[in-house]
Amino acid sequence: MSANLAALLYLVAGVLFILTLRGLSNPETSRQGNLFGMVGMALAVGVTLFLLGGRGALGFGTISLIVMGVVIGGGVGAVIAQRIAMTAMPQLVAAFHSLVGMAAVLVAAAAYLAPAAFGILGADGAIHGLSRVEMSLGAAIGAITFSGSVIAFLKLNGNMSGAPILLPQRHLINLGVGGAIILLIVLFSIAHGVAGGFFFWTLVLLSFAIGFLLIIPIGGADMPVVVSMLNSYSGWAAAALGFTLENTALIITGALVGSSGAILSYIMCKGMNRSFISVILGGFGGETTAAAEGPQGTVKRGSAEDAAFVMKNASKVIIVPGYGMAVAQAQHALKEMADMLKREGVDVKYAIHPVAGRMPGHMNVLLAEAQVPYDEVFELEDINSEFSTADVAFVIGANDVTNPAAEDDPSSPIYGMPVLKVWNSGTVMFVKRSLGSGYAGVENPLFFRDNTMMLLMDAKKMVEEIVKAM
Amino acid sequence: MEAVDPTIFRLAIFVLAVFVGYYVVWSVTPALHTPLMSVTNAVSSVIVVGALLAAAATAGPSHRWDEANSAPAPVADAPAAEPDAAPSRPFAWGRGDDDDDATASAPEASLGSAPAAAPAAASAAHSSGGGWSIGFARFLGLLAVVLACVNIFGGFLVTQRMLAMYKKKERSAAK
């Protein structure tokens with residue numbers, strides 16, 4: 001296969017990846033988009049194998065090892081994909097990011113060790129200076145993605161406390177390590193001989209370290225941003241290596257993924273009214289602001305029977321799911337409850353806050369899993385005006401995203417965050433395990449209002465009892 | 001007019017693709033943001049092409065030698081600096097570009113024994129570089145193939161699984 005044909009086919013693969021993302025603009029076209037992605041991937045892999053075969057680089061031993069690698073990796077991936085619970089998607093995505101990051105580091109290291117195979121040797125037998133910059137960028141970003149994603153995975157999976165771990169002088173340490181990495185990249189690009197190797201491996205090690213240092217101070221509440229940010233990093237790492245490999249498919253993909261992750265981070269930050277910088281600097285979401293005062297008062301507790309009675313006689317109910325629903329696996333019971341309400345002639349809708357759950361769009365997937373039609377599910381800005389026409393707002397496992405303090409209390413840490421105005425509806429029902437504050441450690445004054453009914457129990461059990469009571 | 005470095009064209013592709021990505025991703029419906037993350041994860045594993053190149057690395061020279069942007073290295077330093085094509089040729093697993101028929105000659109030696117042969121090769125080869133680094137590169141490449149494949153299969157399949165769940169309101173379900 002000629003190099004020109006190969007380059008064209010890589011371009012086709014890149015275009016197929018663009019169409020993959022394009023397909024996601026609508027659930028109807030998304031499945032086709034995913035198919036495009038698979039075709040693009042198969043094309044890129046096929047072209048590469050053809051090129052290697054044509055170069056005589058594919059001996060029997062090599063090809064059987066590659067096939068073995070594909071079978072092992074693919075098998076593991078396929079099994080995970082079939083078995084993973086939808087509630088565990090954030091962890092899974094974090095784990096996948098770490099793999100992309102590690103693969104980028106490995107490819108960059110291999111390119112450094114065997115530059116001839118990547119065609120980046122100059123006539124003088126040394127690697128091009130520009131290629132050195134590209135590969136060290138790829139390795140550095142890949143390493144940051146890897147160690148950062150491992151920490152994110154551990155925090156999301158509960159192996160590690162979601163509370164931020166704050167080292168003394170962490171900003172200084174991070175700045176120092178970051179500066180050292182940049183310096184090493186510059187030194188590596190102009191160095192040769194043994195010194196070059198020293199620079200390269202040191203900058204890889206430092207990058208692993210800084211990925212770790214960057215993520216440990218970030219609290220659990222900011223994890224949606226972190227996961228999106230690491231998504232972006234994995235893209236930039238791939239793009240940097242795309243330059244090293246002179247591969248259009250990789251450059252296009254890296255750019256797409258990089259900007260996709262960046263946009264998702266932006267949306268998540270906006271959803272929490274936090275600046276990207278303050279998320280990166282970390283420390284939020286774990287401090288015990290211990291909302292000492294705040295509007296204390298009497299709380300009206302309700303039973304499942306009360307809730308069932310009120311909702312059955314309502315004409316419109318808006319359900320606000322949050323992470324608590326995911327933890328309790330209550331989405332199926334919730335769907336059952338909604339179906340019963342619909343049979344009673346109640347108009348049922350779902351309202352989703354952008355940062356509900358632990359990753360962008362997490363609630364939507366969980367509702368889809370419970371076979372809630374996606375045209376009953378609305379985003380914040382589309383449904384916020386409808387709460388005033390609703391008789392009941394049924395908040396299940398969410399808290400901070402409904403806190404009116406975000407609108408009227410400038411001293412609140414979440415002031416300015418866009419929230420679902422559930423308090424405009426006739427009755428607000430909160431399904432919660434306890435009266436504790438939410439993830440951001442902020443008291444919700446809504447609990448003490450007259451038209452609020454607290455349903456304190458495990459979300460799944462409560463919903464099941466409401467269904468029984470109907 | 002002097003020739004433009006191909007890297008500039010790649011940079012152009014990159015910059016334009018960032019813009020394409022920007023507009024395409026903003027058009028993604030928020031309901032599909034989780035599948036978006038898992039599918040971008042899967043497609044970024046196209047890095048597997050680099051892993052394949054590494055896994056099939058040979059010590060021979062590649063097709064492209066004469067780029068304008070070579071490192072500003074004094075020629076005298078070069079042989080010691082980077083793996084040099086010629087000295088590594090004699091090793092069985094360090095085949096050149098042109099011997100296509102080697103496929104059958106030493107199949108299991110082609111990679112399986114590479115790590116084992118590394119110490120001997122290292123002493124025989126130049127101070128830094130030479131054959132052992134190719135063997136190590138192939139090992140890293142293979143590892144990267146495995147990791148990327150977990151991602152490719154896992155990413156696309158889990159995306160497919162999620163997307164299959166998104167359904168419109170069915171008339172029959174309302175009963």
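Sequence lines set the chain letters: A, B, ... in the order given, protein chains first and strands last, and positions in each chain run from 1.
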Chain B: which of [options] shares the most heavy-atom pairs with it under 4.5 Å?
options                               : answer
A/Ala104, A/Gly14, A/Ser25            : A/Ser25
A/Ala13, A/Ala103, A/Ser30            : A/Ser30
A/Ile84, A/Asn247, A/Val227           : A/Ile84
A/Gly37, A/Ala238, A/Gly235, A/Pro354 : A/Gly37
A/Gln82, A/Gln371, A/Glu28            : A/Gln82

Please look at [X] and chain B and tell me whether the side chain, the backbone, both or neither of the residue comes under 4.5 angstrom of a heavy atom of that chain.
X        : value
A/Ile267 : side chain
A/Glu369 : both
A/Val365 : both
A/Ile252 : both
A/Ile352 : neither
A/Ser260 : both
A/Leu241 : side chain
A/Phe378 : neither
A/Leu21  : both
A/Asn34  : both
A/Ile18  : both
A/Met41  : side chain

**Prompt:** Hey, does A/Leu65 have a side-chain heavy atom less than 4.5 Å from the side chain of A/Met68?
**Reply:**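 Side-chain contact under 4.5 Å: yes.
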**Request:** Measure the shortest side-chain to side-chain distance between B/Leu140 and B/Phe136 over non-hydrogen atoms and say whether it is less than 4.5 angstrom.
**Result:**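 When only atoms from C-beta onward are counted, B/Phe136 and B/Leu140 do touch, with a gap below 4.5 Å.
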**Prompt:** Who wins among B/Ile13, B/Leu157, B/Ile47 for the most heavy-atom pairs under 4.5 Å with chain A?
**Reply:**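 With the most close heavy-atom pairs to chain A, the winner is B/Ile47.
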**Item:** Pairs where residues 94-111 of chain A contributes a residue and the test side-chain hydrogen bond (donor to acceptor under 3.5 Å, both in side chains) is met, not counting sequence neighbours
**Value:**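 Listed by first then second residue: A/His97-A/Asn231, A/His97-B/Asn41.
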**side-chain hydrogen bond (donor to acceptor under 3.5 Å, both in side chains) pairs, two or more places apart, involving residues 151-160 of chain B** =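 The answer is B/Ser38-B/Thr159.
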**Prompt:** What part of B/Leu11 gets closer than 4.5 Å to chain A, counting heavy atoms only: side chain, backbone, both or neither?
**Reply:**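 Both parts, backbone and side chain.
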